[in-house]
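Report on one structure; see the data block that follows.
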Amino acid sequence: MTKRRIVVLGSTGSIGTQTLDVVRQHGDQLEIVGLAVHGRVDELLSQAREFGVCHLAVGDPTLADDPRCDEGRTLVREMATASGADDASFGVGPEAVAALATLPEADVVVNALVGAAGLRASYDTLAAGKVLALANKESLVVGGDLIMPLAARVDAERRAAGLAPATGPAGALMPIDSEHGAIYQCLLGENVREVSKLWVTASGGPFRGRTRDELVGITPAQALAHPTWNMGAKISIDSSTLMNKGLEVIEAHHLFAMDYDKIEVVVQPQSAIHSMVEFTDGSVKAHLGTTDMRIPIQFALSYPDRWEAPVAPLDFRTLGTLEFAAPDTDTFRCLALARHAGSVGGTLPAVMNAANEVAVAAFLAEQIAYLDIAACVEAAMDAHEREGVQVVESLDQLEAVDRWARAFARSWCAA
Ligand code: MG
C-alpha cells in the first residue's frame, strides 16, 4: 500500500516529537518527507538522519550562516543521492518553512508551529490542495474565516479527484487538539443540524479553585506545572489562565460551524472525558481515553482508519470519580475575553491572540505579573473595539492587525 507522506512543521516541539513517535510506530503507513523547526538545528539534523528526510527548513533567519546549517545542506544532498530522490532542500527563514507546506510530494502537513506564525503555513497547505493536520489553533482563532472555506473547497476537490477516502466534519482539515479530535469523532455519522451543544472539557489548569487574590504572586514555574497534560510553555500558561480553553471555543466555532451559544465549557479535572456532543433528542456522546496526545495525533493521520496505539488504555475500574464544574470566569478572565472576542468576530480574535502571545512571553520573562496577562489582553481588545473591528478579508490584513496588537501589548507591558 502507498504510505501517507507527511511534512511536520515544528518537529522539535511537544506535538512535533510526539508526531515522530507515531511515525516510528507506523512506518508502514507514514513517511516523513519534510521537517521544519524554529531554531533547534541539531535536533532537526538527527531527526532527518533517523527518518531519511531530504527537505528541511529552519525558521530563525539569524541562523542562515550557522555552520550547522551548512552541515544540513550537505546532509540532505548526500541523503538524496543515496536514496535516489529527485531533489533535496535546506532553507532558512520563515519563507523556507512556508515553502515546505507546498512540497509537491507531501499529502498531509502537520502544522505544529507555535502562535500566529502558523497561519500562513495553514493557508498555504490548503491552497496547495493538501490535507492540513492542525495543532496550531491560532490559525483558526485568527484566520478561521479564511481557512475553513478553503478547507471545504480542498475537500470537495480531493473527493472529486478520488483522493479523499471519507468525508469529515471539517473538510480537508484534521484537528490535532484533544478536545476537537474528540468532538470530531463524536460527530462522525451524525447530522450537524441535529447537534444542540458542543461540550468542550477543561482540566481547569493548575490553579483551579483559587481566587484572584491567590493568583497575585504566581510565578512562571508554578504556572508551567500542568496537572494532566504534558505540553509546551506557551500552551501550558494558556491552560493555566484558561485562555487555551477560550482559544478552543473559537477553534470549535470555526471547525464545526457552530454558533457560540451552542458551545459550552465544562471543567472535568481528571481530563478523562476529552469533550462531548449533545444532540437535539437529549443524547450525549462523550469521547474518553488516556491523556496522551499521541492518540489524537495518530487519529488525525490515520482517519478514516484506526491503528493500534502503544498507550496504556483507560482502566475504568481504577479511574475513580469523574467530576464536573462550571468554569470560574470571574477569576479566569481570559475565557470570558475569548468568548467576547469570538462573538464579536472579525479582527478582534486576532488582536486578542497577538496581545496574549506578547503578554505570556512577558510573564515568562518576569516582566509582568500573572494577572496582567488578562489585563493586557483586555486593554488591547478595548483599544481595537474603539478603533473599529474589521471584517476578515486577507492574510495581509490579519498580519497588519497582528503587528498593531503586538506593538500595543509590548508598550502596555513596558508601561
Ligand atoms: Mg486542547
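Values below: every heavy atom of this structure, side chains too, minus hydrogens, waters and symmetry copies.
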Is Arg40 paired with Asp60 through a side-chain N to carboxylate O contact shorter than 4.0 Å?
no
Taking all non-hydrogen atoms of both residues into account, name the closest pair between Leu398 and Ala350 and its distance.
CD2-CB, 4.1 Å
Are the side chain of Gln298 and the backbone of Trp307 linked by a donor-acceptor contact shorter than 3.5 Å?
yes
Heavy atoms of other groups near Glu308 CD, more than 12 under 6.0 Å
no
Between Asn111 and Leu132, is there a donor-acceptor pair closer than 3.5 Å when you use the side chain of the first and the backbone of the second?
no
Using the side-chain contact (heavy atoms from CB on, under 4.5 Å) rule, take Lys285 and Leu187 through it: C-alpha gap first, then chi angles, then the decisive distance, then the call.
CA-CA 9 Å; Lys285 279 169 125 178; Leu187 288 174; over 6 Å; no
Step-by-step side-chain hydrogen bond (donor to acceptor under 3.5 Å, both in side chains) determination, Gln47 to Ser11:
CA-CA 8 Å; Gln47 290 176 344; Ser11 64; 2.7 Å; yes
Return the minimal non-hydrogen interatomic distance between Cys376 and Cys413, and the atom names on each side.
SG-SG, 4.1 Å
Derivation and outcome, side-chain hydrogen bond (donor to acceptor under 3.5 Å, both in side chains), residues Glu50 and Ser46
CA-CA 6 Å; Glu50 179 185 349; Ser46 84; over 6 Å; no
Backbone N or O of Thr211 within a donor-acceptor pair of the Glu214 side chain at under 3.5 Å?
yes
A side-chain contact here means heavy atoms from C-beta on lying under 4.5 Å apart; do Gln270 and Leu319 qualify?
no
Report the C-alpha separation of Asp21 and Arg24 in whole Å, then their side-chain angles, then the decisive distance to 0.1 Å, and conclude whether the side-chain contact (heavy atoms from CB on, under 4.5 Å) test is met.
CA-CA 5 Å; Asp21 264 350; Arg24 279 186 195 100; 2.8 Å; yes
Using the side-chain contact (heavy atoms from CB on, under 4.5 Å) rule, take Thr280 and Arg193 through it: C-alpha gap first, then chi angles, then the decisive distance, then the call.
CA-CA 9 Å; Thr280 46; Arg193 283 187 295 278; over 6 Å; no
Minimal non-hydrogen separation, Ala369 against Phe363, with atom names:
C-CD1, 3.9 Å
Donor-acceptor under 3.5 Å (Gln268 side chain, Ile273 main chain):
yes
Any side-chain heavy-atom pair from Pro327 and Leu242 closer than 4.5 angstrom?
yes
Within the side chain of Ser196, is there an N or O that forms a donor-acceptor pair under 3.5 Å with the backbone of Glu278?
yes
Nearest 0.5 Å, what's the CD1-CZ distance between Ile250 and Arg339?
9.5 Å
Less than 4.5 Å apart, any side-chain heavy atom of Val277 and any of Glu190?
no
Identify whether the distance between the nearest side-chain nitrogen and carboxylate oxygen of Arg158 and Asp155 falls below 4.0 Å.
no
Compare every heavy atom of Leu100 with every heavy atom of Ala36, then report the nearest pair and how far apart it is.
CB-CD1, 3.9 Å
Interatomic distance, CZ@Arg306 vs CD@Gln185, rounded to 0.5 Å, equals 4.0 Å
Any side-chain to backbone donor/acceptor pair from Ser203 onto Ser271? Under 3.5 Å, distance only.
no
Testing the 3.5 Å rule here: is there a donor-acceptor pair between the side chains of Thr102 and Asp124?
no
Do Ser394 and Asp396 have side-chain atoms, one donor and one acceptor, less than 3.5 Å apart?
no
Kindly state each residue pair satisfying ring pair (Phe, Tyr, Trp, His ring centres under 6.0 Å) with at least one member in residues 153-211, sequence neighbours excluded.
Tyr184-Tyr303, Phe207-Tyr370
Taking only residues two or more places apart in sequence or in another chain, which ones pass side-chain hydrogen bond (donor to acceptor under 3.5 Å, both in side chains) with Glu194?
none
For residues Met79 and Gly52, report the shortest heavy-atom separation together with the two atoms involved.
SD-CA, 4.1 Å
For the atom pair CG (Asn356) and CZ (Arg406), what is the distance rounded to the nearest 0.5 Å?
10.0 Å
A side-chain contact here means heavy atoms from C-beta on lying under 4.5 Å apart; do Val267 and Phe324 qualify?
no
With a 4.0 Å cut-off, would you call Asp238 and Lys234 a salt bridge?
yes
NZ of Lys130 to CG of Leu163, rounded to nearest 0.5 Å, is 10.5 Å
Do Thr12 and Leu35 touch side chain to side chain, with heavy atoms closer than 4.5 Å?
no
Do NZ/NE/NH1/NH2 and the carboxylate oxygens of Lys245 and Glu248 come within less than 4.0 Å?
yes
Using modelled atom types only, decide if a donor and an acceptor are shared between the side chain of Arg4 and the backbone of Leu301 within a distance under 3.5 Å.
yes
Closest non-hydrogen contact found for Ala112 with Ala135 is CA-CB, 4.1 Å
Donor-acceptor pair, distance only, cut-off 3.5 Å: does the side chain of Thr201 make one with the backbone of His274?
yes
So with a 6.0 Å cut-off around CG of Asp65, is the heavy-atom count from everything else above 12?
no
If you round to the nearest 0.5 Å, how far is CZ of Arg73 from CZ of Arg68?
12.0 Å
Quick one: CG on Asp259 to NE2 on His253, what's the gap to the nearest 0.5 Å?
7.5 Å
Please examine the side chains of Phe90 and Thr74, heavy atoms only from C-beta on, and report whether any two atoms are closer than 4.5 Å.
no
Ignoring hydrogens and geometry, is there a side-chain-to-backbone donor-acceptor pair from Thr241 to Met243 under 3.5 Å?
yes
Please check if the side chain of Arg49 supplies one atom and the backbone of Leu75 the other of a donor-acceptor pair under 3.5 Å.
no
Going through the distances and angles, do Ile218 and Arg210 end up as a side-chain contact (heavy atoms from CB on, under 4.5 Å)?
CA-CA 11 Å; Ile218 291 298; Arg210 297 208 196 179; 3.5 Å; yes
Side-chain contact, heavy-atom cut-off 4.5 Å: Arg120 with Glu399?
yes
